**Student:** 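First, the structure itself, so that you have it in front of you.
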Amino acid sequence: MIKAQRGTKDIYGDESVVWQWIFENAKTVFQNANFTEIKTPIFEATELFNRGVGDSTDIVNKEMYTFSVGGADKNATSITLRPENTAGVVRSYIEHNFNRQSPPQKFWYFGPMFRYERPQAGRQRQFHQAGVELFGIKDATADAEVIITAINFLKSLGLNDLEIELNTLGCPKCKNDYRNSIKAILAPYLEDLCDDCKMRYEKNPLRILDCKNENCKKIFETEEIKEVILKDYICDECKEHFEELKNYLNELNIKYSINKMLVRGLDYYNRTVFEIKSEALGSQSAVCGGGRYDGLVEMLGGAPTPAVGFAMGVERLYTLINKPTPQKIDFYVVSTNIKEAMKLTQELRQNNKSAEFDMQKRKFSKQLEKASKISKYAIILGEDEIEKGYYSLKDLSTGEQKQIKSFEELINF
RNA sequence: GCGGGUAUCGCCAAGUGGUUAAGGCCCCGGAUUGUGGUUCCGGUAUACGUGGGUUCGAGUCCCACUACCCGCCCCA
């Protein structure tokens, strides 16, 4: 038997109904905030992710679905299934000269992403992200706007008490100073760090701060190192930006905590970074991650453009929310006169009511039994009803039954 | 890429070398020939992840593979 590929899954039945509900909430909340939907292709030139996501990242180094199309042709191109969507949106932004429109330009998206990772709870190879990207605003108002939009989306799903972790990485210069200082102070301790941290030391030193290894954590507690970690390398301008953001969040009554260890794994972030986590997710605890990426548009060939955004993991949202109970259909037409049942069902559907009838031509009691399982009301269409021209409407939750004289009355019930 | 666990009908699940692999849910039919949800009776199904091996005999023991779950890493 051919099975779904590892790390992928079919979404159907009640689960699909919940997914639709999540999508509708995303659409409503994002569009209320004046973000417009952008659908970019599932695959892009590999080069886009190499440059956009960054070739020091695990995503680019070992997790991309990359293949070449065009066979042996000299013009064969290397394409990659998108592992995230920011690079694609930025590509589109540049390609269509969105910078010629007045800022801010605000986009939202919802769709599948692909990473070749070892699947586990909250982690699949094909997964979905809902997110927003906001271009053209340097001010911290944009950071606040993006964060409040994330909060509003979570609230719409009934997730009210997830707290935000916030940090600032500073501009490229601050980031660089910080990185060099961390490297310098840790150099003598390098041998004592875990193997992962030794690798991070070369590749992405800031990620060392995120290490969960107990021994490493202990090393970070020593006075001279702690001092460097906590010391501010953030320049005045970046500091002011961060203060401004915190003020806005306070005004908006958004709870957050500062986590100086929060360092995100994608190369393009600068200044503001944030995550929203939940213990309930287990080890893959982040349901949302985002931040500012002022250099990315320029790096991919566009005009210098400040930008900020976030992405939510839809599968992770799914595990957190209280699932709404699936709705029953409006009407089930119960009749042994199959033609009349068919006709009435069609008329109901044309009047925007969900309706079903028994295609198996089963006996009356079986039809009613089925109706009670999937429908709110049964419309009984027997010989008497057809002859005299009325409908018997039975409320299947209470058992109450009444006569309805006209079709208009029926659909307005 | 590294470590640990699991795998029996659509779902849950008994089974610890010996007829024909329990049971429950779901589904279908009957009791009830135009009134469901309760109850009772009956019924369907290509179920032992895949491939080898040991044995007179394997769902059960051994080996390999695959998938899923849980951690590490990374990320949403």
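Since the structure is predicted, the reported quantities are computational estimates derived from the model, not experimental observations. For the numbers below, each heavy atom of this structure counts, side chains included, while hydrogens, waters and symmetry mates do not.
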**Student:** Quick one: stems for RNA chain B, with Watson-Crick or G-U pairs under 3.5 Å, at least three in a row?
**Tutor:**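 For RNA chain B the paired stretches long enough to count as stems (3 pairs minimum) are B:1-7 with B:66-72, B:10-12 with B:23-25, B:27-31 with B:39-43, B:49-53 with B:61-65.
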**Student:** Could you tell me whether G7(A) contacts a base, only the sugar-phosphate backbone, or nothing, with contacts defined as non-hydrogen atoms closer than 4.0 Å?
**Tutor:**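 Contact class for G7(A): sugar-phosphate only.
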**Student:** Could you identify which residues of residues 390-401 of chain A place a heavy atom less than 4.0 Å from some atom of RNA chain B, listed by residue number, or say none?
**Tutor:**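 The stretch gives K394(A), L396(A), S397(A), G399(A), Q401(A) as the residues lying under 4.0 Å from the strand, ordered by number.
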**Student:** Take atom P in rA13(B) and the same atom in rA7(B), then report the distance between them in whole Å.
**Tutor:**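 Result for the P pair: 10 Å, nearest Å.
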**Student:** Quick one: do E117(A) and R125(A) make a salt bridge, cutoff under 4.0 Å?
**Tutor:**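 No, no charged N to carboxylate O under 4.0 Å.
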**Student:** Distance between the C1' atoms of rU19(B) and rG24(B), in whole angstroms?
**Tutor:**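 The same atom, C1', in both gives a distance of 25 Å.
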**Student:** Under 4.0 Å, heavy atoms only, any strand: does A371(A) hit a base, just the sugar-phosphate, or nothing?
**Tutor:**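 A371(A): no heavy atom of the nucleic acid under 4.0 Å.
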**Student:** What contact category does E385(A) fall into here, base, sugar-phosphate, or nothing, at under 4.0 angstrom with non-hydrogen atoms?
**Tutor:**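 The answer is base, as E385(A) lies within the cut-off (heavy atoms under 4.0 Å) of a base atom.
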**Student:** For residues 25-37 of chain A, which residues have at least one heavy atom under 4.0 Å from RNA chain B?
**Tutor:**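 RNA chain B contact set from residues 25-37 of chain A: none.
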**Student:** Heavy atoms under 4.0 Å, any strand shown: does G382(A) hit a base, just sugar-phosphate, or nothing?
**Tutor:**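 Since a base atom lies under 4.0 Å of G382(A), the category is base.
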**Student:** Starting the side chain at C-beta, find the nucleotide from rU35(B), rC75(B), rG36(B) nearest to F364(A).
**Tutor:**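 My answer, after comparing the listed nucleotides, is rU35(B).
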**Student:** Between rG42(B) and rG4(B), how many Å separate the two P atoms, rounded to a whole number?
**Tutor:**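 The same atom, P, in both gives a distance of 49 Å.
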**Student:** Any side-chain donor-acceptor pair under 3.5 Å between T8(A) and Q124(A)?
**Tutor:**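 Distance-only check fails for T8(A) and Q124(A).
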**Student:** Just to be sure I understand the rule, does L317(A) reach a base, reach only the sugar-phosphate, or reach nothing, if contact means heavy atoms closer than 4.0 Å?
**Tutor:**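 No contact.
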